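Owing to the predicted nature of the structure, the values given are computational and were not obtained by experimental measurement. Only this structure's heavy atoms are used, side chains among them; waters, hydrogens and symmetry mates stay out.
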Amino acid sequence: MIETEEVLNSLNITTNYKGYKIIVQAVDIMFDSEGKNLTAQAIYHQLADANSISPSSAERNISTAIVRAWSVAPQKFEKVLGGKEASAPKTAEFLRLVYEKVKRMRG
């Protein structure tokens, strides 16, 4: 969890976004279900259940945080997550990139 928060903060995604907490939870779900090959939709459903919201709200909250942070500092995404994108990553791709970054941080 701490590593995920460090990654998000380095991307200018802070706790003032509803998506912040949801992204942290999503990455935790991904670690808890390693090897189970969960789809993004399954993760959104788990997030929805945990936060009493709809799966589409969970995805939208994550997406909003990504797009706003990208619009302020897209170069941070390249520096922190690698790769060079012409636009903000889609929600599922972003979660995968954060998951992989945290996994590398944990060793």
The single option from E3, E6, E100 passing salt bridge (charged side-chain N to carboxylate O under 4.0 Å, His left out) against R106: E3
Looking only at heavy atoms, the pair that brings I23 and F94 closest together is CD1-CE2, 3.8 Å
Using the test side chain to side chain contact (heavy atoms under 4.5 Å, CB included), find all partners of S10 that sit at least two apart in sequence or belong to another chain. V80
Check: I29 main-chain N/O paired with S33 side-chain donor or acceptor under 3.5 Å: yes
Check side chain to side chain contact (heavy atoms under 4.5 Å, CB included) between K103 and all other residues, then give those that pass, not counting sequence neighbours. F31, E34, Y99
Hydrophobic clusters here meaning ILVMFWY residues chained together by side-chain heavy-atom distances under 4.5 Å, can you tell me if V98 and M105 are in one? yes
Flag the pair W70 / P89 as yes when at least one side-chain heavy-atom distance between them is below 4.5 Å, and no otherwise. yes
Set of side chain to side chain donor-acceptor pair (under 3.5 Å) partners for E78, sequence neighbours left out: none
Residues forming a side chain to side chain donor-acceptor pair (under 3.5 Å) with N37, sequence neighbours excluded: none
Quick one: side chains of residues 38-52, donor-acceptor pairs under 3.5 Å with protein atoms, not counting sequence neighbours, listed by atom name and distance.
residue	atom	partner	partner atom	Å
T39	OG1	A42	N	3.1
N51	OD1	K21	NZ	3.3
N51	ND2	Q25	OE1	2.6
N51	ND2	L47	O	2.9

Determine, step by step, whether S63 and R60 satisfy the side chain to side chain donor-acceptor pair (under 3.5 Å) criterion, reporting the C-alpha distance in whole Å, the side-chain angles of both residues, the deciding distance to 0.1 Å, and the verdict. CA-CA 5 Å; S63 180; R60 186 175 57 251; over 6 Å; no
Point-to-point distance, once rounded to the nearest 0.5 Å, from CD1 of I13 to OH of Y20: 9.5 Å
May I ask you to test the T14-N9 pair for a side-chain heavy-atom distance under 4.5 Å? yes
N61 and side chain to side chain contact (heavy atoms under 4.5 Å, CB included): which single residue from T91, I53, I66 fits? I53
Please enumerate all residues that pass side chain to side chain donor-acceptor pair (under 3.5 Å) together with R68, with sequence neighbours excluded. none
Quick check on the hydrophobic clustering: are I62 and V67 connected, directly or via other members, by side-chain heavy-atom contacts under 4.5 Å? no
What distance separates L81 CG from K101 NZ, expressed to the nearest 0.5 Å? 7.5 Å
Nearest heavy-atom contact between A26 and L95 is CB-CD2, 3.8 Å
Atom CD in E59, atom NZ in K90: separation rounded to 0.5 Å? 10.0 Å
